[in-house]
There are 2 protein chains.
Amino acid sequence: MELLSTGNKEITIYDIARELNISPATVSRGLNDHPAVNKETKKKIFNMAKEMGYRSNTFASNLRRQRTNTIGVIVPRLNSNFMSSVIAGMEKVANDAGYNLIISQSLETAKKEATNAQTMFNSRVDGLLVSLAYDTDNIEHFKDFLKKGIPVIFFDRVFNHKQCTGIVIDNVKAAQEVTSHLIGQGCRRIVHITGNLKRNVYADRLKGYKYALADHNLELDNNLIIQTNLSVEDGIAAAEKILQMNTLPDGVFAANDACAVSCLQTLKQAGIAIPQDIAFAGFNNDPVSKVVEPNLTTVDYPGYEMGEVAAQNLISHLNGTSNINSTNTIILRSELVIRASSLRSDSLNK
Amino acid sequence: MELLSTGNKEITIYDIARELNISPATVSRGLNDHPAVNKETKKKIFNMAKEMGYRSNTFASNLRRQRTNTIGVIVPRLNSNFMSSVIAGMEKVANDAGYNLIISQSLETAKKEATNAQTMFNSRVDGLLVSLAYDTDNIEHFKDFLKKGIPVIFFDRVFNHKQCTGIVIDNVKAAQEVTSHLIGQGCRRIVHITGNLKRNVYADRLKGYKYALADHNLELDNNLIIQTNLSVEDGIAAAEKILQMNTLPDGVFAANDACAVSCLQTLKQAGIAIPQDIAFAGFNNDPVSKVVEPNLTTVDYPGYEMGEVAAQNLISHLNGTSNINSTNTIILRSELVIRASSLRSDSLNK
DNA sequence: AAAGTTGTTGTAATCGGTTGCAATATAAAA
DNA sequence: TTTTATATTGCAACCGATTACAACAACTTT
């Protein structure tokens, strides 16, 4: 058909309308499956649209509807296993629901986080999914969104605010379980390697650590708490710090796996037996935890699921299916995964 | 000022124009720093815009300009270290240049890849960055883009097409180096674990493996080539296959690290000494390669940089700064990283 | 003083859908 | 047959920014 060879120009609903001798309004309704359009007409419209190679112009549509079908995502960093799982989960849900994701990294600074938020605001995202940077103190930079009623959902690294839902795991409980487990394996002097305490995740894990000590009537020794940025290098530095302690600890609980693993390896190289001398536990169930020797005890942390839940909640709020304003916090399951790095009874060491 | 309290309504250039008693056209020009606008007027416009809390409406602008400032990215999967580094690199470059990224996953199927491409096409991305799925046979699904002159750049898993630039490393050479290194360590029967040979990366690595054998006058034994999907499970399966060989190989070169590591660990558990009995090498320099014992020899693969280069090239093409149509392939540096898993001379084994 | 520049601003059409309201046709009820 | 309800469709005004072109002022040049 010669219709196909209309050249490179973009087909609009006006072209379809002209071809079919109906009004653009009807074409628009037809394409959107509006109930007030005759089924026959719809069919004709769809066919002609396909035949002419029509594609909807999102901008014209967005401009009119005042809606973008776009969700903004701000994360500290993309290149961690946990974060890319989260994004993967979000992408799936969003994609299925016809939403696009715009992703940006704060690189752990509040400043870039604010800039990114502004960009997202100008791009008029329909909603925001955020995991906070290390040094974010307040959420002033999200005020514009809240003022306009644009939903902001925090995940993992959350901020308590009445207008914002947070999606987390119970970090206190998980850390408490980890610590209790170590204590159960005979540990009495447990080092805790923590991150920036501004962030709930690390503060809560520290709290869980403290609670567990208290539960077992162990005294809290602040010298055993090492604050770091939880990087691989920080794990090595922590190991060196541990090696210089007067009395060596008999357990280490690090707030993430990357740091736990590098710390473990450094100590091992220094001749320390894991878990006999020092039992180890991390957090996240990162792939490396299953590779390091001995395998690392850790907390399984559902990244993919967290992404799905965050996106799902945002989208159903946007669609009016549900209202997240009533929901303040969603807590996902997490699970202690016991592996050889913390098992002193030989039962599970093969 | 009462100007600030105009409520929740969105400020437009018309509002600014009215307030300043000038025309919207001048406001538009002023905000875009058009040279024909008086400096004083510009200053007034900027100030008023700020004061009134104006934000540009991207849709109106895009609708008019026929441009989106958005780049589409299609990758097989997000949750691998390599891929998230790539995305991180792209995000940085794009963000700095005022572009947004729309990201989607093909989940390794050509079908979803095609769907995603269609979505991107409808979202009218200015350009596309693609790493192909496992089973993609052709690039029909990108024809719409090419026909319209929308640039498509492939990275890592590329497709040779005169209209598309590809960004890769020299997989043949890298694999040849790996294999030569193993041969240099005394290996004579080297297993190669490869992926889907439709993809250049795996086909090329296989080619490099073969070339290296030829270089050293070693006979090619097709039984030593194991084709898999390169997953962790495939590594384990490969190990089992290896254990059942009549004559054990003395080297294994896997086309990625995840697979290499699980294979190595399985063999090790079966009592095989690494590297004495079987020397090992992988590909990617994934974090796990530095954690497994012994540490894995591998090829350092610049993911972050690849992302930067891909995005940079696309953007400068879009801005007219450079033209990628003349460039068909960009090859990035890669580097053999020798670690204990392949070192038989004790020199580097501590 | 007339003509030509240069600098600055305004007018109005345009990008492509969406949607409240009115109009018409058709069928059902009175 | 008239009235009323229902199903379809069209009209036209948006949404907010961009830009070709015209208009005008102020200043030079001849």
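In what follows, chains carry the letters A, B, and so on, assigned in the order in which the sequence lines appear, proteins first and then strands, with residues in each chain numbered from 1. Side chains are part of it too, since the values below use all heavy atoms of this structure and drop only hydrogens, waters and symmetry mates. Fair warning: this is a prediction, and the values are worked out from it, not measured in the lab.
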Can you figure out which of [options] approaches the side chain of [X] most closely?
X	options	answer
B:L63	C:dG17, C:dG10, C:dC15	C:dC15
A:R64	D:dT18, D:dC14, D:dT9	D:dC14
B:Q66	C:dG17, D:dT18, C:dC15	C:dC15

(request) Could you tell me which residues satisfy ring-ring contact (aromatic ring centres under 6.0 Å, His included) with B:F82, sequence neighbours excluded, listed by chain and number? (result)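 Here the qualifying residues are B:Y301.
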Have a look at [X] and say if it touches a base, only the backbone sugar-phosphate, or nothing, with a 4.0 Å heavy-atom cut-off.
X	result
A:N32	sugar-phosphate
B:Y14	base
A:I22	sugar-phosphate

Specify the separation, in whole Å, of atom [atom1] of [X] and atom [atom2] of [N].
X	N	atom1	atom2	answer
B:F59	D:dT18	CZ	P	14 Å
A:M52	C:dG16	CE	P	13 Å
B:R124	C:dG17	CZ	P	7 Å
A:N21	D:dG10	CG	P	9 Å
B:I13	C:dA12	CD1	C1'	13 Å
A:N69	C:dT18	CG	C1'	15 Å
A:R65	C:dC15	CZ	P	21 Å

(message) Given the ring of A:Y134, does A:R199 sit roughly above its face, with NZ or CZ under 6.0 Å from the centre of the six-membered ring and within 45° of the axis?
(response)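 Relative to the ring axis of A:Y134, which defines the angle, A:R199 lies outside at least one limit.
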(message) To the nearest 10°, give me the bend of the helix from C:dA1-D:dT30 to C:dA30-D:dT1, comparing the axes of its five terminal pairs at either end.
(response)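 Comparing the first five pairs with the last five, the axes sit 50° apart.
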Report yes if at least one side-chain N or O of [X] is closer than 4.0 Å to OP1 or OP2 of [N]; otherwise report no.
X	N	result
A:S28	C:dG17	no
B:T26	C:dT9	no
B:T12	D:dG16	no

(request) Only pairs at least two apart or in different chains count here, so list each side-chain hydrogen bond (donor to acceptor under 3.5 Å, both in side chains) that has a residue in residues 40-49 of chain B. (result)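 Matches after skipping sequence neighbours: B:D33-B:K42.
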If you restrict it to nitrogen or oxygen atoms, what contacts under 3.5 Å exist between nucleotides 20-24 of chain D and the protein, and what is each distance?
{"unit_1": "D:dA20", "atom_1": "N6", "unit_2": "B:R29", "atom_2": "NH2", "d": "2.8"}

(message) Quick check: do B:M90 and B:F155 have side-chain heavy atoms less than 4.5 Å from each other?
(response)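 Contact flag for B:M90/B:F155 side chains = yes.
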(request) Taking the side chain as every heavy atom from C-beta outward, state whether B:I150 and B:D126 have any pair of such atoms under 4.5 Å apart. (result)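 B:I150 vs B:D126: side chains apart.
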(message) Quick check for you: to the nearest 0.5 Å, what is the distance between A:L129 atom CG and A:L101 atom CG?
(response)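 Rounded to the nearest 0.5 Å, the CG-CG separation comes to 7.5 Å.
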(request) First locate atom OG1 of B:T68, then atom CZ of B:R124, and finally report the distance between them rounded to the nearest 0.5 Å. (result)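 Reported value, rounded in 0.5 Å steps: 10.0 Å.
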(request) Using the side-chain contact (heavy atoms from CB on, under 4.5 Å) rule, take A:H141 and A:E113 through it: C-alpha gap first, then chi angles, then the decisive distance, then the call. (result) CA-CA 8 Å; A:H141 44 302; A:E113 189 172 280; 2.8 Å; yes
(request) Please name all residues satisfying side-chain hydrogen bond (donor to acceptor under 3.5 Å, both in side chains) with A:E140, sequence neighbours left out, ordered by chain then number. (result)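 Expected list: A:K143.
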(message) Give the residues of residues 34-45 of chain A touching DNA chain C, defined as any heavy atom closer than 4.0 Å, sorted by residue number.
(response)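 Heavy-atom cutoff 4.0 Å gives no residues at all.
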(message) Any donor-acceptor pair under 3.5 Å linking the side-chain atoms of B:T58 with those of B:S61?
(response)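 No, B:T58 and B:S61 have no side-chain donor paired with an acceptor closer than 3.5 Å.
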